[in-house]
Amino acid sequence: MSGAAAFGHDPTDYNAMPEAAFRQVVRRFLAENYPPALRHPQKRLHFRDSRPWYMILARKGWLAPGWPREHGGLGLSAGRQIALIEEYERHGCARSNDMGIVMIGPLLIRYGTPEQRARFLPAILSGEHIWCQGYSEPDAGSDLAALRTHAMREGDHYIVNGQKIWTTLGNDANWMFCLVRTDRQAKKQDGISFLLIDMTAPGVRVRPIVNLDMHDEFCEVFFDNVRVPAANLVGEPNKGWAMAKALLGFERIFLGSPKQSAYALERLGLLAERMGLAEDAAFQDRYAQLRLDLADLRALYERFAEQLRQGQELGPEVSMLKIWQSELFQRITETMLEIGGENAALAGPMEGDRDLNISGLFINARPTSIYGGTNEIQRTILAKNVLKLPG
Amino acid sequence: MNSSEDSAEAIRMLRESAAAIVPPGGDLGRVRALRFKEPGYDPAMWRRMAALGWFALRLPEAQGGAGLGVAALAALAEELGRGLVPEPLVAGAILPAALIAAADEPGRAAALLPALLSGARTHAFAWQEAAASLDIARADTIAEARPGGGARLAGRKLFVPQAAGVDAFLVTAREAEGISLWLVPREAAGVALATETMIDGGNTGTLALDGVVLGAEARILAPARAPALLARTLDEAVIATAAALLGLMDRAFAITLDYLRTRTQFGKPIGSFQALQHRAADLLVQIELGRAAIGQAARLADDPAIPAPARAAAASQAKARASDAALLVTRQAVQMHGAIGYTDEHDIGLFLRRAMVLSARYGNAALHRRRHAALAPAIDTEE
Ligand SMILES: Cc1cc2nc3c(=O)[nH]c(=O)nc-3n(C[C@H](O)[C@H](O)[C@H](O)COP(=O)(O)OP(=O)(O)OC[C@H]3O[C@@H](n4cnc5c(N)ncnc54)[C@H](O)[C@@H]3O)c2cc1C
């Protein structure tokens, strides 16, 4: 196989190791290998920038910690995966283009055919295929099941027409996993299929969209009679919705990770020092409150992580994690605005401190309550699916 | 104005002339095109505003002004805020005009005002030496007296709004008797201006004065009159900026309400979901609190019978509410737009960015709450 040489294997059984020892291994690896220039990036990196890190992981055989061994993964337990993520976050590692690893890889391992696995998994591990997620459409956001991008079967191909939007790093990707409508007669969720689309195919057009941070981080993707081999359909036709939902569990705990809030709180402390407020009683009171908000987030996160460690699936309760993390992150950056005065309205970092970009953090905190299901939708999930309120 | 009826009529006309420049609901293409490059606004528009007489709005009729009050200024600032107008009416014209018009030597005012009022020369009040401060007395810039009446100025001034287009700075400096105000031409030897980009695409200036030699005529206000005049003028800028935030949040809210009525998900307009209805209702309350506080501050500022601390406290009350409310409204406006609110292509983000800048200018909410608390004892004993 052509890509086989491009990624390594690490035979160590980290699950058998005590967690503290495992964390030591990770820390040493990061200290020796992580590109210093990529620590704590202020923006989500494009693949051209994060590629060195991706390839370091690929060569080490660490790119897919959660995948089973037989598919080229590390086969880490959920608990070890959480520890690994925590160590990466502590070191300020950039999030690379990980949609292939976190989303489509596990989906193919669970629902894909042997041919699909053989074709796509090694290409993810070698960095040959970079994936993006094509779910949302202009008229299908919170109401995702209203999606209209259409795939019509024609012989051994599907002909795809329609449009996706908000596709994160779609401008880096050469493959998209996509929800498409294959049956227009069926009711909403029932006519949706899961299709893998080669973005270099004729008829695919990508338009980057500049976000509020002035960064072309998401895209519109248009499909004009794009021919997709029927072999790229995952699972059964019209059964895509259930598979897409099954992917959400890990994403949800990921979105609840304390890392953004932890980083922001550290910046807040630094800013308070710069502003001469570190000893200010009112500030200390506020800071103590935010610190406990973060400590409680960590405790809650740990509770969900433990469920994963025990091999349990996460229920709708995990929505509370995403709500609390995103809104805490936002509150911390709002406090930075409060104490930073005019410094908080500079477009770049504060004078003399490259890492203190207050407005950047504040702006970057905004979409955390929008993506991955808006916080309004998460609250509805809690009210309906956890509290079982009528409605 | 002699009667409140005249004043109401003047304010109505002022709002109308503003609407000619900033059509309500008008295109923000002009605003976009001026972002992220200097001077951050359109000099032709600047002269047009001057021609409308706006720069002289607060000056007495004897000095060629319109003789209008703070309420009129607030009304105009609100309309311009609604349109996210980047021309620095308050910082670049109203504030400096008030200070120059009040010059100790009436001849100085007569000599300097025409170029300012015509828009030929842009001025700025450079008083600030620390972030998050509204304290004019906190000036380390020194005016060292020179034989014959002039001085050598040395110091550093921060956060001069839209400084890239400024021709002359009105600089506060400390001398033996206290704080005085000096006119420093940008081209004077020893003056260095560094600009930085703001989050809304405008700019802010750091002014370094390295032994700038000025003649006696450059001293606009001596320590005897300077502090009270500077404080009072700055408070008017505080109220006007609060009013700009009011216009801004008002329009951001209107855009959002439109979106709640037209965007459908789950087969219904999203504005039919109670969660968003309640949020919109809460924002309405905030906006109206802001409008009420600003109206009150303007009324007190225009009433000569009101003692200075009460006037200042009302200005702080208005700016505290307006700053917080504008940030809240624009944050929630983005949230209620979903992902499209997080794009630069959609206009709603322009409102959030400007709110970040104006809420911080002349003191943010936290600063004004503290200032109000500090002024409260003085007010309470007067009552
Ligand atoms: C930074 C970013 C990255 C993204 N990346 C991707 C990606 O890679 N792939 C992808 O497919 N999508 C992506 N998305 C899209 C994301 O999933 C959607 O933005 C999200 O689902 C919301 O949809 P919408 O933006 O259309 O907002 P809408 O659904 O139109 O919502 C607008 C507002 O109405 C509220 N609302 C809607 N319905 C209800 C209701 N029933 N009750 C109460 N309130 C309601 C929402 O909470 C929101 O405040 C991304 C979004 C962002 C911001």
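Note that the coordinates shown come from a computational prediction; the quantities given were computed from them, not determined experimentally.
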*Against chain A, label B:Arg354 side chain, backbone, both or neither, depending on which of its atoms sit under 4.5 Å from a heavy atom there.*
neither
*CD1 on A:Ile165 to OG1 on B:Thr343, rounded to 0.5 Å*: 8.5 Å
*asked:* Looking at every heavy atom in both B:Met356 and A:Ser359, which two are closest together, and how far apart are they?
replied: CE-CB, 3.6 Å
*Kindly check if the number of other-residue, nucleotide or ligand heavy atoms within 6.0 Å of CZ (B:Arg138) is above 12?*
no
*Measure the CH2-OH distance between A:Trp166 and B:Tyr342 for me, rounded to the nearest 0.5 Å.*
12.0 Å
*Measuring from B:Thr204:OG1 to A:Asn343:CG, what's the distance to the nearest 0.5 Å?*
9.5 Å
*For A:Phe362, is it the side chain, the backbone, both, or neither that has a heavy atom closer than 4.5 Å to a heavy atom of chain B?*
side chain
*Could you tell me whether A:Lys188 atom NZ has more than 12 heavy atoms of other residues or ligands within 6.0 Å of it?*
yes
*asked:* Checking the side chain of A:Asp143 only, and the main-chain atoms of B:Phe266 only, is there a donor and an acceptor separated by less than 3.5 Å?
replied: yes
*Can you tell which part of B:Leu158 gets under 4.5 Å to a heavy atom of chain A, answering side chain, backbone, both or neither?*
neither
*Between B:Arg263 and A:Asp139, is the closest basic N to carboxylate O distance under 4.0 Å?*
yes
*Look at B:Gly338, B:Ser359, B:Gly267 and state which one has the largest set of heavy-atom pairs under 4.5 Å with chain A.*
B:Gly338
*Of the backbone (N, CA, C, O) and the side chain (C-beta and beyond), which part of B:Phe273 lies under 4.5 Å from a heavy atom of chain A, both, or neither?*
neither
_Contact leader toward chain B among A:Gly141, A:Ala146, A:Gly348, where contacts are heavy-atom pairs under 4.5 Å_ = A:Gly141
*Any pair with a residue in residues 335-344 of chain A that passes salt bridge (charged side-chain N to carboxylate O under 4.0 Å, His left out), sequence neighbours left out, goes on the list, sorted by first then second residue, please.*
A:Arg286-A:Glu338, A:Glu338-B:Arg369
*Should we count CZ of B:Arg251 as having more than 12 external heavy atoms under 6.0 Å?*
yes
*chain B: which of A:Ala140, A:Gly341, A:Gly340, A:Pro367 shares the most heavy-atom pairs with it under 4.5 Å?*
A:Pro367
_Under the rule for ring pair (Phe, Tyr, Trp, His ring centres under 6.0 Å), what residues qualify as partners of A:Phe283, not counting sequence neighbours?_
A:Tyr287
*Side chain, backbone, both or neither: which part of A:Glu217 has an atom under 4.5 Å from a heavy atom of chain B?*
neither
*asked:* With rounding to the nearest 0.5 angstrom, report the CZ to OG1 distance, B:Arg331 to A:Thr333.
replied: 8.0 Å
*asked:* Restricting to non-hydrogen atoms, name the atom on B:Arg353 and the atom on A:Asp213 that form the minimum distance, rounded to 0.1 Å.
replied: NH2-N, 4.2 Å
*Relative to chain B, which segment of A:Ala282 carries a heavy atom at a distance below 4.5 Å: side chain, backbone, both, or neither?*
neither
*Quick one: what part of B:Leu327 sits under 4.5 Å from any heavy atom of chain A, side chain, backbone, both or neither?*
side chain
*Give a yes or no on whether the backbone of A:Leu346 and the side-chain of B:Glu196 come within a donor-acceptor separation of less than 3.5 Å.*
no
_For A:Leu212 versus B:Gly349, what's the shortest heavy-atom pair and its separation?_
CD2-CA, 3.7 Å
*Using non-hydrogen atoms only, which part of A:Ile358 is less than 4.5 Å away from chain B: side chain, backbone, both, or neither?*
neither
_Option in B:Arg370, B:Gln335, B:Arg361 with maximal non-hydrogen atom pairs under 4.5 Å from chain A_ = B:Gln335
_Interface residues of residues 126-135 of chain B facing chain A - non-hydrogen atoms under 4.5 Å apart_ = B:Gln128, B:Ala131, B:Ala132
_Pair listing, salt bridge (charged side-chain N to carboxylate O under 4.0 Å, His left out) test, anchored in residues 370-380 of chain A, at least two apart_ = A:Glu327-A:Arg379, A:Glu376-B:Arg279
_A:Glu279 atom CD, over 12 foreign heavy atoms within 6.0 Å_ = no
_chain B contact via A:Asn364 - which portion, at a heavy-atom distance below 4.5 Å_ = both
*Check each atom of B:Ala365 against the heavy atoms of chain A and say whether the ones under 4.5 Å are side chain, backbone, both or neither.*
neither
_At a 4.5 Å cut-off on heavy atoms, which part of B:Ile270 comes close to chain A: side chain, backbone, both, or neither?_
neither
